[in-house]
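Heads up: the structure comes next, in C-alpha cells.
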Amino acid sequence: MKKNRLLFLCISLLLCMLFVGCTEPYHADHIIGKTALEIAAEYGAFDCTMMPPGEDGLYRSCACGYTIREPRVGFLGTSPEVLFFISFDEDGIARACFEGNRPGG
C-alpha cells in the first residue's frame with residue numbers, strides 16, 4: 001500500500017512540473033513595476049514597440065510587446081499574430097499587461 005502511495009505521489013509531482021513548464025513565459029505580476037530596461041534584460045528585446053525609447057533607454061507613455069503566438073495560415077484563413085503587451089507610464093514604469101494584435105496589421 002505504501003508503494004502505491006509513493007508511486008501516486010511521484011506521478012503527481014511529475015505532472016505538476018510538466019504543467020508548470022507549459023505556462024506562458026511572461027507573467028504580469030512579475031513585470032508590473034519594472035522599467036523597460038529591467039524587462040528587456042530578463043526577456044530580451046521587444047518584438048514590437050509603439051514609440052522609440054528615450055535618451056535613457058526607457059519607453060514612456062506607450063506599450064511594447066513580445067510575440068506569444070505566430071500567425072498561422074490554415075485552410076479557412078490566417079490567424080493573426082498575438083503579442084503580450086506591456087504598457088508603460090510617463091515615468092517609464094510598467095503599469096499594465098494585456099494580449100493583443102500587432103498595430104497596423
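All heavy atoms count here, side chains included; hydrogens, waters and symmetry mates do not.
Arg95 has its side chain out of reach of Ser87: every pair of non-hydrogen atoms, C-beta onward, lies at least 4.5 Å apart. Using a 4.5 Å cut-off on side-chain heavy atoms (C-beta onward), Phe84 and Ile31 make contact.
Salt-bridge formation is detected for the pair Arg60/Asp56: a Lys NZ or Arg NE/NH1/NH2 atom is positioned less than 4.0 Å from an Asp or Glu carboxylate oxygen.
Under a 4.5 Å side-chain heavy-atom criterion applied to ILVMFWY residues, the cluster that includes Met50 comprises Met51, Leu83, Phe85, Phe98 as well.
Taking OG1 of Thr49 as the reference point, atom CD1 of Ile86 lies at 12.0 Å (rounded to 0.5 Å). Between the CD atom of Glu81 and the CZ atom of Arg69 there is a distance of 10.0 Å, given to the nearest 0.5 Å. Rounding to the nearest 0.5 angstrom, the gap separating the CD1 atom in Ile39 from the NE2 atom in His30 is 9.0 Å.
Screening Glu99, Arg102, Glu70 for a side chain to side chain contact (heavy atoms under 4.5 Å, CB included) involving Val82 leaves a single residue, Glu99.
Heavy atoms only, all atoms of each residue included: Gly57 and Leu37 are closest at O-CD2, 3.6 Å. Here the closest non-hydrogen pair linking Ala36 and Leu58 is N-CD2, 4.1 Å.
In the hydrophobic clustering of this structure, Ile68 groups with Tyr43; members are Ile, Leu, Val, Met, Phe, Trp, Tyr whose side-chain heavy atoms approach within less than 4.5 Å, directly or through other members.
Between the side chain of Asp89 and the backbone N or O of Asp91 there is at least one donor-acceptor pair closer than 3.5 Å.
Using the six-membered ring where Trp is involved, Phe46 and Tyr66 have ring planes that are tilted, between 30° and 60° apart.
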